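A quick write-up on the structure given underneath.
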Amino acid sequence: MDDILDYFLCDVCAGKDFKQVYNFGLRFHGVNFSDDLIYDEMVGARFQCTKCGKLFSKEEIDSGLTLLRKERIKRD
């Protein structure tokens with residue numbers, strides 16, 4: 001059997017190439033034993049279509065790949 005390649009495609013422009021886009025932030029919150037604020041560093045990653053610029057989360061891409069896998073298994 002030959003290999004079959006299916007790609008996650010952008011739902012706007014059908015592009016298949018993405019670049020990773022990061023954002024960085026701090027989350028401040030209080031604690032009940034002190035009046036001082038503490039913080040956590042946060043790093044978020046999204047994936048941007050290189051053709052139209054639409055952003056996707058990792059969860060959206062994983063969901064799309066799961067759907068591709070299920071459709072391919074049904075056909076074969």
Side-chain angles (χ1 to χ4, degrees):
M1 178 178 178
D2 293 330
D3 290 342
I4 299 170
L5 293 176
D6 280 331
Y7 293 96
F8 174 82
L9 300 176
C10 175
D11 58 3
V12 172
C13 68
K16 69 176 176 82
D17 297 323
F18 298 85
K19 64 182 177 182
Q20 200 162 10
V21 178
Y22 295 97
N23 55 48
F24 304 92
L26 299 174
R27 181 177 65 104
F28 292 92
H29 54 93
V31 291
N32 50 354
F33 57 84
S34 172
D35 289 336
D36 295 334
L37 288 176
I38 61 171
Y39 67 90
D40 301 316
E41 279 190 36
M42 297 173 15
V43 177
R46 311 251 317 152
F47 300 88
Q48 186 175 36
C49 175
T50 59
K51 192 172 179 183
C52 73
K54 181 174 179 183
L55 292 170
F56 293 87
S57 67
K58 177 73 169 125
E59 292 78 19
E60 289 172 312
I61 291 174
D62 287 343
S63 176
L65 292 173
T66 298
L67 184 61
L68 281 174
R69 186 171 48 251
K70 287 179 182 178
E71 288 177 358
R72 177 59 61 189
I73 291 172
K74 281 186 204 175
R75 282 190 251 154
D76 294 338

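Note that the structure is predicted; figures quoted are calculated from it, not measured.
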Atom pair CZ (Arg46) and CG (Leu55), whose distance is rounded to the nearest 0.5 Å: 5.5 Å

Residue list, side chain to side chain contact (heavy atoms under 4.5 Å, CB included) with Ile61, at least two apart or on another chain: Phe8, Phe47, Phe56, Leu65

Connected hydrophobic set around Tyr7, excluding itself, where side chains approach under 4.5 Å: Leu5, Leu9

Hydrophobic cluster partners of Leu37 (side-chain heavy atoms under 4.5 Å): Leu26, Phe28, Tyr39

Any side-chain heavy-atom pair of Glu71 and Asp6 under 4.5 Å: no

Kindly list each side-chain donor-acceptor pair under 3.5 angstrom involving residues 11-21, sequence neighbours excluded, with atom names and distances?
residue : atom : partner : partner atom : Å
Asp11   : OD1  : Lys54   : NZ           : 2.6
Asp11   : OD2  : Lys54   : NZ           : 3.0
Gln20   : OE1  : Tyr22   : OH           : 3.2

By salt bridge (Lys or Arg N to Asp or Glu O under 4.0 Å) - contacts of Lys58 (at least two apart): Asp62

Results of side chain to side chain donor-acceptor pair (under 3.5 Å) for Glu60 - residues two or more places apart only: Ser57

